[in-house]
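Heavy atoms only: backbone and side chains are in, while hydrogens, waters and symmetry mates are out.
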Amino acid sequence: MNAANPGIESLKETTAGDGTVATAKVFNISPSINVSEPVPTAGRRFSLAAKNFFQWLVPPVLGLTIFIGIWALVSQTSPQLPGPLKTWASAQQLFSDPFYNKGPNDQGIGWNILASLQRVGIGFGMAAAIGIPLGFMIGRFKFLNAMTAPIISLLRPVSPLAWLPIGLLVFKAANPAAIWVIFISAIWPMIINTAVGVNRIPQDYMNVAKVLNLSEWKIFTKILFPAVLPYMMTGIRLSIGVAWLVIVAAEMLTGGVGLGFWVWDEWNNLNVEHIIIAIFVVGIVGLLLEQMLVLLAKRFSYE
């Protein structure tokens with residue numbers, strides 16, 4: 001028997017036509033033998049890597065190409081809309097000196113981006129500092145959940161800009177009013193997602209905590225926080241998207257330095273190229289903020 005193809009040796013008797021009996025050895029291949037797949041060569045590995053790379057690269061590049069092509073065609077039929085080449089040339093000129101300062105109403109786009117990020121950071125930080133603990137308490141205590149449910153259901157659907165006059169009335173200034181709009185818009189996803197995460201913790205975990213007579217702090221650090229962390233990070237991601245979405249509209253109404261005011265000022269100057277550039281800047285910055293939170297979420301273990 002070949003050692004490279006091991007099997008079970010057995011004898012098999014056959015009867016010929018003349019009545020004689022013949023004995024033959026039969027090898028039965030064992031069913032437990034694992035046939036290993038051939039190891040791919042270096043060329044095969046390179047081919048697979050190149051295929052995966054092109055599958056990752058081609059779809060977004062193709063989508064962007066189609067988008068730019070449609071944009072160019074629309075700009076040909078609408079002379080007031082600048083095309084991609086004209087917008088690109090204006091962007092190069094704009095970002096050649098993004099931090100110039102010629103007065104409060106004439107500053108580079110870099111200062112406007114930083115001013116908007118500062119407002120979003122303050123409002124978002126305040127929303128996280130209040131919304132996340134409140135979400136834990138609402139999900140933990142049924143009485144508090146029943147008490148706050150109608151308030152959240154009533155106020156959450158309100159348009160963010162509807163809160164701006166309240167901010168102007170209370171704070172008597174545009175900048176804190178814009179921060180107030182960010183705060184009130186970003187707090188709801190954090191509260192709701194955190195509370196839902198607490199409610200979905202298996203009851204067996206809480207029963208074990210009661211049997212062990214754990215303190216409320218131990219319950220929070222050992223059970224609630226690890227289990228609720230994925231829901232909490234989802235709420236944070238939704239909140240930062242809402243905050244960055246709202247800040248542009250709020251700054252259009254409040255004025256000052258910021259992307260929203262800059263867009264409105266460029267519209268008054270009929271500089272459509274800068275408005276399109278601002279749209280791309282808002283989208284890119286929002287995407288970067290979301291990806292930063294995604295990377296932060298991946299650093300935690302949810303087990």
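Using a 4.5 Å heavy-atom threshold, the side chains of T254 and F261 count as separate. Side-chain contact check for I276 versus L81: some heavy-atom pair is nearer than 4.5 Å. A 4.5 Å side-chain heavy-atom check between V120 and I240 finds at least one atom pair inside the cut-off. Within the 4.5 Å cutoff, the side chain of F124 has heavy atoms near those of the M190 side chain. Between V248 and M252 there is a side-chain heavy-atom pair separated by less than 4.5 Å.
Side-chain atoms of S78 never come within 3.5 Å of backbone atoms of V74 as a donor-acceptor pair (strictly under, hydrogens ignored). No donor-acceptor pair under 3.5 Å is formed between the side chain of W244 and the backbone N or O of V285. The backbone N or O of G260 sits nowhere less than 3.5 Å from a side-chain atom of W264 that would complete a donor-acceptor pair.
To the nearest 0.5 Å, atoms CD1 (I236) and CG (L229) are separated by 8.0 Å. Here N145 contributes atom CG and M147 contributes atom CE; the two are 10.0 Å apart, rounded to the nearest 0.5 Å. For the atom pair L114 CG and Q107 CD, the distance stands at 10.5 Å (nearest 0.5 Å). Between atom CD1 of residue I277 and atom CD of residue E266 there is a gap of 9.0 Å, rounded to the nearest 0.5 Å. With rounding to the nearest 0.5 Å, the separation of CG in L169 from CG in L164 is 11.0 Å. Separating the OG1 atom in T77 from the CG atom in L73 is a distance of 8.0 Å, to the nearest 0.5 Å.
By the rule that hydrophobic residues join a cluster once side-chain heavy atoms approach within less than 4.5 Å of another member, I66 and W88 end up as members of separate clusters. Connection of I179 to L253 is established within a shared hydrophobic cluster, with ILVMFWY side chains joined at heavy-atom distances below 4.5 Å, either directly or through further cluster members. There is no path of hydrophobic side-chain contacts, each under 4.5 Å, that joins L224 to V211. M292 is not connected to I122 by any chain of hydrophobic side-chain contacts under 4.5 Å among Ile, Leu, Val, Met, Phe, Trp and Tyr, and they are in different clusters. Hydrophobic clustering places I201 together with M232 (ILVMFWY residues linked when any side-chain heavy atoms are closer than 4.5 Å, directly or through intermediates).
Taking a 6.0 Å sphere around CD of Q93, one finds it holds 12 or fewer heavy atoms contributed by other residues, nucleotides or ligands. Around atom OH of Y205, no more than 12 heavy atoms belonging to other residues, nucleotides or ligands sit under 6.0 Å away.
Note on ring orientation: taking the six-membered ring where Trp is involved, the planes of F225 and F220 are tilted (angle from 30° to 60°).
Annotation: ring pair (Phe, Tyr, Trp, His ring centres under 6.0 Å) contacts of F280 (sequence neighbours excluded): W71.
Minimum interatomic distance between I138 and A195 (heavy atoms only, all atoms of both residues): CG2-CB, 4.1 Å.
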